[in-house]
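What you are looking at is a predicted structure, and each value in this text was computed from that prediction instead of being measured. In what follows, residues are counted from 1 in the order of the sequence shown. Below, all heavy atoms of this structure are taken into account, side chains as well, without hydrogens, waters or symmetry copies.
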Amino acid sequence: MRHYLFRISLCVLAIVFFALPTPAATTWRGVHVMAWGSAGGDEGLPVLKRAIDEVLVPLGVNVLIYEVGYNFAFDSHPDMRFEKMITKDAARDLTRFCKERGIRLIPQFNCLGHQSWVNGDMVFPLMTVHPEFEEVPDLPEDKRAKTLMNWCPLHPEVYLLIFDLIDEIAQTFEADAFHVGMDEILTFASPKCPRCADKNPADLMAHAVKELHGHIVGKRGLTMLMWGDRLLDKKALNMGDGWEASDKDTAAAIDMIPKDIIICDWHYSPQEAYPSIDLFVEKGFRVWPASWKNEQAGLHMVERARTDTTGQILGYLGTSWVVHAGHFAQALLGEGDPEILKDRAAPAATTLKACMEALARP
Ligand SMILES: [Zn+2]
C-alpha cells in the first residue's frame, strides 16, 4: 500500500512539474532603440543613458537592441557613413555603460531590406554609392520612389562590403550577438534583375539569410537575430496586411535556414492569438516576441512568454520606432514636449513599462 501511495505521489509530482511553464534560462527583457535618423548621432546618448539608469535598469531590462545602420563612423568604408553618426568613442562608451549595468547591447544593421525609408525620403548610402546593388522593382517611377529599397540577394559583391560593416560595428560594440533586421523586404525576383528573375522568392530570402549566417555565426561565432515577418505567410496565418507577415512568397524560407537564429516575431496590433509564435517554436527556433505601443498587444505577448512550456520563448522585446532615440528616452523619463512625443514615444514608453512589470511578476 505504501509503495502504491509513493508511486501515486511521484506521478502527481511529475505531472505538476511538467505542467509548469518552462521559462528560458534567463528571461530576455529587451528594448529596441534607433540610433540613426535625421536627429540621431551622439547627441541623443546622454538622455538615453539617463533613461537607462533611471527607468530601464529599475524595470529589469537586460538587453538593448541598438539599431545602428549607416549612422556609424565606418573606417573600412567611409563612404557608407550617413548623416549624423555614432562615433566609435561614443559606441565604446555606451557599451561599457550598458555592461556595467548588466545590459547586453546587441547592435543591429538592416540587411537586404530597408535600404531606404518610407516614401523614399531617406535613401541610405549603399543604394546611393552603389546603385548597381539594388534589386530594381518592376514598378513605374512614381511608385518605385515610394517603395522601400532592398539589395539584390544574389549580387556577388554586396556581401563582402556588408560583412566589413557588420564586423566593424560588432567589434566596436564588443558584441556577442548581432541583429540583421531583414524585415519588410518588398522586392524579390524582379523581372528587371538579371540574376533573380524567375527565381523562387523563398529561395532568395533563404540565400540571403544563409550568407549572413555563414559570416556572423559561422565565421565570427556570434549569435544571429532577425525579424521574422518574411518567414510568415500572411494568408496561411491570417495576419496583417503584408508587413508583419509576407505576401511575397518568401515564407517557405522558414524551412531552409539554420535553427540557431533567434527570431524576433513582431506584431503591433492586438489580436486574439499570435499563431506565428507557435509556428516558430514548432519549427525549432528560439522566439523573442516583440511589440510596440499597444499595451494590449504587448501584454498578450508577455503572457504567452510567461506561460511557455518549451523554453524556446525568450521573453519580451519592446520597440520604440522613434527616429530620435533621445525622444524615446525623454518619454521614458516623463520629460520632453508632449506634442512631439504623443504619437509614438509616449505610448511606446507606457507599453514598455507595463510589459516589463508584467514580465517580472512571479
Ligand atoms: Zn536580384
Side-chain angles (χ1 to χ4, degrees), residues 36 67 69-70 80 82 108-163 165-166 179-213 215 224 226-237 239-257 261 263-266 268 276 321:
W36 60 271
E67 185 172 326
Y70 294 91
M80 290 293 114
F82 186 62
Q108 180 184 336
F109 182 88
N110 281 334
C111 291
L112 194 59
H114 272 299
Q115 300 306 313
S116 66
W117 202 239
V118 181
N119 293 329
D121 57 1
M122 202 185 277
V123 177
F124 300 127
L126 188 76
M127 296 284 106
T128 51
V129 178
H130 293 284
E132 73 276 15
F133 288 161
E134 187 189 2
E135 181 74 7
V136 178
D138 190 20
L139 292 171
E141 272 310 305
D142 57 328
K143 282 196 178 162
R144 183 185 159 177
K146 295 189 175 205
T147 297
L148 295 174
M149 298 164 95
N150 56 267
W151 76 58
C152 167
L154 296 183
H155 198 289
E157 287 163 36
V158 68
Y159 295 99
L160 292 175
L161 192 162
I162 293 302
F163 292 160
L165 305 184
I166 288 174
H179 195 310
V180 295
M182 303 196 88
D183 59 324
E184 303 181 330
I185 306 157
L186 303 179
T187 307
F188 284 95
S190 171
K192 291 195 170 175
C193 178
R195 295 165 294 273
C196 298
D198 299 324
K199 295 263 188 338
N200 176 347
D203 289 340
L204 295 169
M205 179 69 193
H207 174 83
V209 173
K210 286 189 281 191
E211 284 287 320
L212 293 162
H213 182 273
H215 184 79
M224 180 166 141
M226 64 182 281
W227 299 118
D229 53 86
R230 296 304 93 177
L231 307 173
L232 302 172
D233 186 275
K234 178 195 143 185
K235 256 195 207 157
L237 294 170
M239 293 186 104
D241 54 5
W243 295 95
E244 65 189 281
S246 171
D247 58 2
K248 307 291 179 199
D249 295 324
T250 54
I254 196 171
D255 291 317
M256 305 177 197
I257 61 173
I261 299 169
I263 309 293
C264 302
D265 184 25
W266 65 271
Y268 302 150
S276 51
W321 302 121

S.K.: Let's go through S116 and M122 carefully: what are the C-alpha distance in whole Å and the side-chain angles of both, what is the deciding distance for side-chain contact (heavy atoms from CB on, under 4.5 Å) to 0.1 Å, and is it a yes or a no?
M.R.: CA-CA 6 Å; S116 66; M122 202 185 277; over 6 Å; no
S.K.: One pair to check against side-chain contact (heavy atoms from CB on, under 4.5 Å): M239 and D233. What are the steps and the verdict?
M.R.: CA-CA 8 Å; M239 293 186 104; D233 186 275; over 6 Å; no
S.K.: Is it the case that the side chain of N150 and the backbone of T187 share a donor-acceptor pair, with hydrogens and angles ignored and the cut-off at 3.5 Å?
M.R.: yes
S.K.: Answer whether the closest heavy-atom distance between the side chains of L212 and I166 falls below 4.5 Å.
M.R.: yes
S.K.: Taking atom CG of D142 as the centre, report whether more than 12 heavy atoms of other residues, nucleotides or ligands fall under 6.0 Å from it.
M.R.: yes
S.K.: So how far is it from Y70 OH to T128 OG1, rounded to the nearest 0.5 Å?
M.R.: 9.0 Å
S.K.: For a quick test of reading the model, state the closest non-hydrogen atom pair linking K192 to P137 and the distance between them.
M.R.: CD-O, 3.9 Å
S.K.: Is it the case that the side chain of T250 and the backbone of A202 share a donor-acceptor pair, with hydrogens and angles ignored and the cut-off at 3.5 Å?
M.R.: no
S.K.: Considering all heavy atoms of both residues, which atom of M80 and which atom of P125 are nearest to each other, and what is their separation?
M.R.: O-CG, 3.5 Å
S.K.: Within the 4.5 Å heavy-atom criterion, are L161 and F133 side-chain neighbours or not?
M.R.: yes
S.K.: Where does the angle between the aromatic ring planes of F124 and F82 fall among parallel (under 30°), tilted (30 to 60°) and perpendicular (over 60°)?
M.R.: perpendicular
S.K.: Compute the ring centroids of W151 and H130, then answer whether they are less than 6.0 Å apart.
M.R.: no
S.K.: Would you say the side chain of H114 lies within less than 4.5 Å of the side chain of L148, judging by non-hydrogen atoms?
M.R.: yes
S.K.: What's the separation between atom SG in C152 and atom CZ in R195, rounded to the nearest 0.5 Å?
M.R.: 4.0 Å
S.K.: Begin from the C-alpha positions of F109 and L165 and carry the test side-chain contact (heavy atoms from CB on, under 4.5 Å) through to its verdict.
M.R.: CA-CA 9 Å; F109 182 88; L165 305 184; 3.8 Å; yes
S.K.: To check you understand the geometry: which heavy-atom pair defines the closest contact between L232 and A251, and what is its length?
M.R.: C-CB, 3.5 Å
S.K.: Hey, what do you get for CG (D138) to SG (C193), rounding to the nearest 0.5 Å?
M.R.: 11.5 Å
S.K.: Below 30° counts as parallel, above 60° as perpendicular, anything between as tilted: where do the rings of Y159 and H207 land?
M.R.: perpendicular
S.K.: Test salt bridge (Lys or Arg N to Asp or Glu O under 4.0 Å) on E134 and R144 and set out the steps.
M.R.: CA-CA 12 Å; E134 187 189 2; R144 183 185 159 177; 2.6 Å; yes
S.K.: State, yes or no, whether a side-chain contact exists between E135 and L154 at a heavy-atom distance under 4.5 Å.
M.R.: no
S.K.: Output the distance between atom SG (C196) and atom NE2 (H155), rounded to the nearest 0.5 Å.
M.R.: 10.0 Å
S.K.: List the atom of Q115, the atom of M127, and the distance in Å for their closest heavy-atom pair.
M.R.: CB-CG, 3.5 Å
S.K.: Going from NE2 on H215 to CZ on F163, what distance comes out if it is rounded to the nearest 0.5 angstrom?
M.R.: 6.0 Å
S.K.: Which atom pair, heavy atoms only, marks the closest approach of I263 to G228?
M.R.: CG2-CA, 3.5 Å
S.K.: Whether the W266 and D229 side chains hold a donor-acceptor pair (N or O, under 3.5 Å, no angle test) is what I'd like checked.
M.R.: yes
S.K.: Apply side-chain contact (heavy atoms from CB on, under 4.5 Å) to residues K248 and I185 and explain how you reach the verdict.
M.R.: CA-CA 9 Å; K248 307 291 179 199; I185 306 157; over 6 Å; no
S.K.: Whether the side chain of S190 engages the backbone of V136 through a donor-acceptor N/O pair (distance < 3.5 Å, no angle test) should be reported.
M.R.: yes
S.K.: Do we see a donor-acceptor contact under 3.5 Å between the side chains of N110 and E67?
M.R.: yes
S.K.: Please find the pair of heavy atoms, one from M182 and one from R230, that lie closest to each other, and give the distance.
M.R.: O-CG, 3.7 Å
S.K.: So among T147, D247, L139, which one has a side chain to side chain contact (heavy atoms under 4.5 Å, CB included) with L186?
M.R.: T147
S.K.: Please tell me if the side chains of W227 and Q108 come closer than 4.5 Å, counting only heavy atoms from C-beta onward.
M.R.: yes
S.K.: Nearest 0.5 Å, please: how far is CD in E244 from NZ in K234?
M.R.: 10.5 Å
S.K.: Do I261 and V180 have side chains that approach each other closer than 4.5 Å (heavy atoms only, starting at C-beta)?
M.R.: no
